[in-house]
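Before any comments, here is the structure.
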Amino acid sequence: MRTITDMYFDVDTFAAIAARATQTDASGTIPAESWQELVETGYLGLFHPRHLGGSGADAATQVRAMEALARACSGTYWAATVSSLLCGNLLATYGDERHHELIRSLATGKRLAAFAIVETAAGSDAATYRTLVRRAGSDYTINGEKSRITNAPRADLAVTLARRDRPAGDDGPEWCLAFVDLDQPGVHRYDIPHMGLRGMPWGGIVYTDAHVDEANVVPVPFTELAEGMTWGWLLVSVAAVATTEAALSASVRHARQRVSFGRPLAHMEGVQAQVADAHARIDAARLLARRGAAQRVAGHSARQLIGMLKVYATEMAVEVTQCAVQIHGAAGVTEGHEVERHYRDAQMNVVGAFATNRLREQIAEGLGLGPAVYRPFDWLAPTGLAG
């Protein structure tokens with residue numbers, strides 16, 4: 001097995017994880033061997049500097065490794081990358097030296113983290129979030145429920161978006177990130193069955209007066225949080241590219257082997273057109289992902305760029321994996337078939353980390369069109385039809 005000293009990742013690096021992908025999907029559990037192999041390759045440490053337990057890999061290495069793992073097993077990729085890349089960077093961005101040990105634990109695989117943002121009655125509409133952090137002596141308590149969260153049922157730590165109960169005179173931000181230890185009284189976790197990415201732990205967290213150390217409550221202006229969440233858009237986009245590449249490879253193999261009406265499917269113009277279009281679209285998304293990662297690792301925001309990438313790559317993946325299912329025919333809709341799994345996984349990426357329909361609005365705002373404003377509108381009164 002390759003190690004981090006090689007600083008090179010390709011499909012062979014995670015061959016054993018890929019061999020277990022069908023089992024991981026069917027069982028809904030990432031095998032312990034797969035997690036150990038991730039630790040041994042150094043994947044979890046790619047996104048962090050050496051003094052925090054990582055390797056300080058450059059952007060090209062990070063994206064290459066991300067795509068290789070996501071192609072091997074999307075569920076495993078999501079669990080590992082949400083923990084180390086997304087949560088680790090949120091800790092690094094908004095925490096301080098007191099949180100370095102938490103980052104090290106994610107970079108070395110000793111802990112698994114969840115980014116707890118969505119709630120049972122709220123998706124991208126943060127105005128409806130109700131989870132609350134309140135002062136309790138020298139520390140804090142947290143109450144509320146987060147739902148449909150990657151790693152929630154298995155995580156050791158949750159980077160939780162919450163409101164702050166601000167006492168009189170506190171003019172600080174209404175919002176905060178609370179770094180919550182999930183192994184304590186007052187925390188209840190549950191699983192939620194899901195269509196795709198079945199190997200990825202997914203579920204909810206209920207906080208009932210759970211304890212949070214004072215150092216682990218970090219007030220953050222809500223407008224700044226989108227910058228941290230951009231890492232999530234990037235990891236989802238790379239997952240989409242990898243899933244699509246895997247579906248395309250399966251389609252090419254099938255088209256070469258399957259003979260219909262006296263000739264291989266590969267000789268049929270309709271199949272050739274689908275494969276050629278898919279290849280071009282995948283490469284376009286891959287190049288955009290590399291560009292976005294390079295800017296991000298260099299310290300630039302790249303928020304608008306990665307937002308566009310997320311919309312394009314995830315929706316492209318659904319369309320291309322749908323073509324892969326059609327090329328495979330009845331086999332492609334058979335449970336347990338490779339492309340059936342890829343199609344289900346692709347659907348999850350569209351809504352994961354921020355639904356693309358809402359993200360389009362933010363991209364438009366970035367072009368100077370102003371925020372999307374929703375106002376009640378009386379359709380009848382202007383027509384004279386109101387009773």
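All figures in this text were calculated on a predicted structure; none of them were measured in a lab.
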Search all heavy atoms of L46 against all heavy atoms of A65 and return the closest pair with its distance. CD1-CB, 3.3 Å

Is the cationic atom of R148 (NZ for Lys, CZ for Arg) positioned less than 6.0 Å from the six-membered ring centroid of W202 and within 45 degrees of its normal? no

Say whether I306 and L287 are linked into one hydrophobic cluster, either directly or through other cluster members, by side-chain heavy-atom distances under 4.5 angstrom. no

Could you go through the side-chain hydrogen bond (donor to acceptor under 3.5 Å, both in side chains) check for S34 and R20 one step at a time? CA-CA 8 Å; S34 294; R20 301 186 196 102; 3.0 Å; yes

Before giving the answer on side chain to side chain contact (heavy atoms under 4.5 Å, CB included), spell out for F47 and Q62 the whole-Å C-alpha distance, their side-chain angles and the decisive distance to 0.1 Å. CA-CA 7 Å; F47 315 107; Q62 290 184 24; 3.4 Å; yes

Report yes or no: do V339 and I327 belong to one cluster of Ile/Leu/Val/Met/Phe/Trp/Tyr joined by side chain heavy-atom distances under 4.5 Å? no

Check for me, please, whether L234 and V241 land in the same ILVMFWY cluster - side-chain distances under 4.5 Å, paths through other members count. no

Side-chain donor/acceptor of R189 to backbone N/O of A155, under 3.5 Å: yes

Closest non-hydrogen atoms of A107 and H48, given as atom of the first, atom of the second and distance, are CB-CD2, 3.9 Å

Could you tell me whether the side chain of L157 reaches within less than 4.5 Å of the side chain of C87, counting heavy atoms only? no

In terms of side-chain heavy atoms, does D277 have a donor or acceptor partner in H279 at a distance below 3.5 Å? no

D191 vs R154, salt bridge (Lys or Arg N to Asp or Glu O under 4.0 Å): CA-CA, chis, key distance, verdict: CA-CA 9 Å; D191 290 279; R154 308 288 180 269; 3.5 Å; yes

With no hydrogens and no angle check, is any side-chain donor or acceptor of E245 less than 3.5 Å from a backbone partner on I282? no

F9 six-ring centre to R64 NZ/CZ under 6.0 Å and within 45° of normal: no

Please report the shortest heavy-atom distance between V311 and T314, naming the atom on each side. O-OG1, 3.6 Å

Rounded to the nearest 0.5 Å, what's the gap from CG on L309 to CG on L288? Could you check? 4.5 Å

Donor-acceptor under 3.5 Å (H328 side chain, A324 main chain): yes

Should L177 and V217 be regarded as members of a common hydrophobic cluster, given that ILVMFWY residues are connected when their side-chain heavy atoms come within less than 4.5 Å of each other, either directly or indirectly? no

How many angstroms lie between atom OG of S260 and atom NE2 of H267, to the nearest 0.5 angstrom? 13.0 Å

Identify the heavy atoms of I205 and A158 that sit nearest to each other, and give their distance. CD1-CB, 4.0 Å

I'd like to know if the side chain of E145 and the backbone of Y207 have a donor-acceptor N/O pair within less than 3.5 Å. no

Would you say the side-chain atoms of D25 and T22 include a donor-acceptor pair closer than 3.5 Å? no

Rounded to the nearest 0.5 Å, how far does CD of E101 lie from CG of L52? 9.5 Å

Check the surroundings of atom CZ in R104: do more than 12 heavy atoms from other residues, nucleotides or ligands lie under 6.0 Å from it? yes

Evaluate the side-chain hydrogen bond (donor to acceptor under 3.5 Å, both in side chains) criterion for residues S301 and E227: first the C-alpha distance (whole Å), next the side-chain angles of each, then the deciding distance (0.1 Å), finally the verdict. CA-CA 7 Å; S301 170; E227 285 300 322; 2.8 Å; yes

R134 and D165: salt bridge (Lys or Arg N to Asp or Glu O under 4.0 Å), yes or no, with the steps? CA-CA 5 Å; R134 179 181 287 112; D165 181 32; 3.2 Å; yes

For the atom pair CD (E37) and OG1 (T13), what is the distance rounded to the nearest 0.5 Å? 11.5 Å

Does V159 share a hydrophobic cluster with V133, counting links as ILVMFWY side-chain heavy atoms below 4.5 Å and allowing steps through other members? no

Name the one of R286, K310, M316, M308 that satisfies side chain to side chain contact (heavy atoms under 4.5 Å, CB included) with S237? K310

Does one side chain, of Y77 or E67, offer a donor that lies under 3.5 Å from an acceptor on the other? no

Scan side-chain atoms only and decide if R344 and T321 contain a donor-acceptor pair under the 3.5 Å cut-off. no

Within 45 degrees of the ring normal and closer than 6.0 Å to the centroid, is that where the cationic atom of K146 sits relative to Y129? yes

Would you sort out whether D170 and R164 count as a salt bridge (Lys or Arg N to Asp or Glu O under 4.0 Å), showing the intermediate values? CA-CA 10 Å; D170 184 345; R164 291 196 310 130; 3.0 Å; yes

Under the side chain to side chain donor-acceptor pair (under 3.5 Å) rule, what pairs show up with a residue in residues 79-95, not counting sequence neighbours? Y43-T81

Can you check side-chain hydrogen bond (donor to acceptor under 3.5 Å, both in side chains) on R71 and S249, steps first, answer last? CA-CA 11 Å; R71 185 168 175 178; S249 295; 2.7 Å; yes

Polar contact flag, side-chain donor to acceptor under 3.5 angstrom, T243-S74: yes

Please report the shortest heavy-atom distance between L235 and L85, naming the atom on each side. CB-CD2, 3.9 Å

Test applied, side chain to side chain contact (heavy atoms under 4.5 Å, CB included); reference residue, T356; option that passes from N349, V350, V318, V351: V350

Between L38 and I17, is a side chain to side chain contact (heavy atoms under 4.5 Å, CB included) present by the stated rule, with each step listed? CA-CA 9 Å; L38 284 178; I17 292 175; 3.9 Å; yes

Evaluate R341 against E338 for salt bridge (Lys or Arg N to Asp or Glu O under 4.0 Å), listing each step before the verdict. CA-CA 5 Å; R341 170 165 53 86; E338 179 183 1; 5.3 Å; no

Between G352 and W78 the two heavy atoms that sit nearest each other are CA-CH2, 4.0 Å

So F354 and V236, side chain to side chain contact (heavy atoms under 4.5 Å, CB included) or not? Walk me through it. CA-CA 10 Å; F354 213 62; V236 173; over 6 Å; no

Would a 4.5 Å heavy-atom cut-off, applied to side chains only, mark T131 and R163 as touching? no

Can V325 and E340 be said to form a side chain to side chain contact (heavy atoms under 4.5 Å, CB included), step by step? CA-CA 7 Å; V325 169; E340 181 263 347; 5.9 Å; no

Interatomic distance, L86 atom CG to T230 atom OG1 [nearest 0.5 angstrom]: 10.0 Å

